[in-house]
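Single-structure report; data block below.
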Amino acid sequence: MAHIVAIFVVLIWGTTFVSSKVLLNSGLLPADIFFVRFIIAYSCLLCLSHKRLFANSIADELTLAGLGIMGGSLYFLTENMALLHSTSSNVSILVSTTPLVTAMLLAIFYKSERLSSRQICGSVLAFIGVVLVVLNGQLVLHLNPLGDALALGASFTWGFYSLFMRRIMGRYSADFITRKVFFYGLVTIMPYFALVHPLDIDLLTSGSMTIWGNLFFLGFVASTGGYLLWNWVMRKLGAVKSTNFIYLQSLVSMVAGHVILGERITIMAIAGAVILIIGMILAVRKKRSKT
């Protein structure tokens, strides 16, 4: 069941780029989109989970704050700022190192989360598939040091999100943890609005049904439902196995881009999709017990 839920969440997250692209083309900035979607998500979860306000200890509360930063404000800022300084292909490939980075970080701190040789091979194979899917027939990548560093930084922030989640997920319910993630994500994005670029209130208040329809999809479906289910999946499968499903996002994005935006799919991308799926099966399949 947890595997099915993980695939469902990745299907949702893989299509969010279409909504984000519509909103960006409408004039909203990445930080504006992040703020509104997290406000919507936090409001929804506050209605569902409001009895407990704080964690049991200061250490746990700080861990929850770390989750909000790593899986919220810092992740979205580094990823979107990377797109301003590098190509979308570079960013997509580097962000797709997230499962490998997560496995590395968890292996350092938790021996029980170390991958087997089969899982390592599967994860590397899946990453190769991602590269082929993202390139989609383009054989040339252009190095952009600042943008590429930011994209790799985004990968590490989600890796630390998984690390912090591994530490705290057995102590609190998924709805409480998810609500705190949204709260601290909103709190820590405020300095950006104060120091870099103010929130575009006028564009939001005068927004069309298209703008608000996409914002509610991102906030209610992708954030509220997506994060809530993902945190549950991490509790069931563990941080490493669940994160490996993120490889599928590039495949979903490719299909969604073809169906909705009319983007082409090449033989290279199809071959990459096959390699990706094979690698995914190897990376998340349970090891057979010897009888």
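What you see is a predicted model; the values in this text were computed from it and never measured. When reading the values below, keep in mind they use all heavy atoms of this one structure, side chains included, and skip hydrogens, waters and symmetry mates.
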Inset, instruction - Quick one: name the residues clustered hydrophobically with Ile58, using the 4.5 Å side-chain heavy-atom rule over I, L, V, M, F, W, Y, and just say none if it's on its own. - result: Leu62
Inset, instruction - Any chance you could measure Met81, atom CE, to Leu146, atom CG, to the nearest 0.5 Å? - result: 7.0 Å
Inset, instruction - Check whether any side-chain heavy atom of Leu29 sits under 4.5 Å from a side-chain heavy atom of Asp200, and report yes or no. - result: no
Legend entry - Common cluster, Ile201/Leu215, ILVMFWY with side-chain heavy-atom separation under 4.5 Å: yes
Inset, instruction - Measure the CG-CD1 distance between Leu23 and Ile33 for me, rounded to the nearest 0.5 Å. - result: 4.5 Å
Inset, instruction - Enter the distance from Trp212:CH2 to Ser26:OG here, rounded to the nearest 0.5 Å. - result: 12.5 Å
Inset, instruction - Could you list the residues that satisfy side chain to side chain donor-acceptor pair (under 3.5 Å) with Thr157, not counting sequence neighbours? - result: none
Legend entry - side chain to side chain donor-acceptor pair (under 3.5 Å) partners for Asp175, two or more places apart: Ser173
Legend entry - side-chain contact (heavy atoms from CB on, under 4.5 Å) between Phe156 and Thr97, intermediate numbers included: CA-CA 9 Å; Phe156 270 88; Thr97 62; over 6 Å; no
Legend entry - Geometric class of the Tyr227/Tyr161 ring pair [parallel <30°, tilted 30-60°, perpendicular >60°]: perpendicular
Inset, instruction - Measure the OG-CZ distance between Ser43 and Phe182 for me, rounded to the nearest 0.5 Å. - result: 10.5 Å
Inset, instruction - State which residues pass ring pair (Phe, Tyr, Trp, His ring centres under 6.0 Å) with Phe176; sequence neighbours excluded, sorted by chain then number. - result: Tyr172
Legend entry - Approximate separation, where rounding is to 0.5 Å, of Leu132 CG and Thr266 OG1: 9.0 Å
Inset, instruction - Determine whether Asn244 and Ser123 make a side-chain contact, defined as any pair of heavy atoms from C-beta on separated by less than 4.5 Å. - result: yes
Inset, instruction - Answer yes if Leu228 and Ile4 sit in the same cluster of Ile, Leu, Val, Met, Phe, Trp and Tyr residues linked by side chain heavy atoms under 4.5 Å apart, and no otherwise. - result: no
Legend entry - side-chain contact (heavy atoms from CB on, under 4.5 Å) between Phe193 and Asp32, worked out: CA-CA 9 Å; Phe193 292 125; Asp32 300 332; 3.7 Å; yes
Legend entry - N/O donor-acceptor pair under 3.5 Å between Ser19 side chain and Thr16 backbone: no
Inset, instruction - Determine, stepwise, if the pair Ile277 / Ile281 fulfils side-chain contact (heavy atoms from CB on, under 4.5 Å). - result: CA-CA 6 Å; Ile277 292 171; Ile281 293 173; 4.1 Å; yes
Inset, instruction - Could you tell me which non-hydrogen atom of Gly185 sits nearest to which non-hydrogen atom of Ser73, and how far apart they are? - result: O-CB, 3.6 Å
Legend entry - Partners passing side chain to side chain contact (heavy atoms under 4.5 Å, CB included) against Val221 (at least two apart in sequence or in another chain): Ile12, Phe217
Legend entry - Which residues share a ring pair (Phe, Tyr, Trp, His ring centres under 6.0 Å) with Phe245, sequence neighbours left out: His3
Legend entry - Pair Phe38 and Phe183, ring centroids less than 6.0 Å apart: no
Legend entry - Side chains of Tyr184 and Ile69 in contact at under 4.5 Å (non-hydrogen atoms): no
Inset, instruction - With sequence neighbours left out, write down each residue that passes side chain to side chain donor-acceptor pair (under 3.5 Å) with Ser223, or none if nothing qualifies. - result: Arg37
Inset, instruction - Please name the pair of heavy atoms, one in Ala239 and one in Ser242, separated by the smallest distance, quoted to 0.1 Å. - result: O-OG, 3.1 Å
Legend entry - Hphob cluster co-occupancy, Leu229 + Leu67, side-chain heavy atoms under 4.5 angstrom: yes
Inset, instruction - Count the heavy atoms of every other residue, nucleotide or ligand shown that sit under 6.0 Å from CZ of Phe8, and state whether that count exceeds 12. - result: no
Legend entry - Any donor-acceptor N/O pair, Asn214 side chain to Ile211 backbone, under 3.5 Å: no
Determine all donor-acceptor pairs shorter than 3.5 Å in which one atom belongs to a side chain in residues 98-106; sequence neighbours excluded.
from, atom 1, to, atom 2, distance (Å)
Thr98, OG1, Val95, O, 2.5
Thr98, OG1, Ser155, OG, 3.4
Thr102, OG1, Thr98, O, 2.8

Inset, instruction - Please name all residues satisfying ring pair (Phe, Tyr, Trp, His ring centres under 6.0 Å) with Trp230, sequence neighbours left out, ordered by chain then number. - result: Trp13
Inset, instruction - Scan side-chain atoms only and decide if Tyr42 and Thr224 contain a donor-acceptor pair under the 3.5 Å cut-off. - result: no
Contacts under 3.5 angstrom, residues 164-171 side chains, donor-acceptor by atom type, not counting sequence neighbours:
from, atom 1, to, atom 2, distance (Å)
Arg166, NE, Glu113, OE2, 3.0
Arg166, NH2, Ser112, OG, 3.3
Arg167, NH1, Asp60, OD1, 3.4
Arg167, NH1, Thr63, OG1, 2.8
Arg171, NH1, Asp60, OD1, 2.6
Arg171, NH1, Asp60, OD2, 3.4

Legend entry - Closest heavy-atom pair and its distance - Tyr247, Ala126: CD1-CB, 3.6 Å
Legend entry - Minimum heavy-atom distance Phe220-Cys44, with the two atoms named: CD1-SG, 3.5 Å
Inset, instruction - Please answer: with hydrophobic residues joined when any side-chain heavy atoms are less than 4.5 Å apart, are Phe34 and Val22 in the same cluster? - result: no
Inset, instruction - Indicate the atoms forming the closest heavy-atom contact of Met70 with Leu74, along with that distance. - result: SD-CD2, 4.1 Å
Legend entry - Shared-cluster residues of Phe54, by chain and number - hydrophobic side chains joined below 4.5 Å: Leu53
Legend entry - Summary of salt bridge (charged side-chain N to carboxylate O under 4.0 Å, His left out) pairs that have at least one residue in residues 177-190, sequence neighbours excluded: Glu61-Lys180
Inset, instruction - Taking all heavy atoms of Leu186 and all of Ile189, pick out the closest pair and write down the distance. - result: O-CG2, 3.1 Å
Inset, instruction - Rounded to the nearest 0.5 Å, what's the gap from CG on Leu237 to CE on Met1? Could you check? - result: 11.5 Å
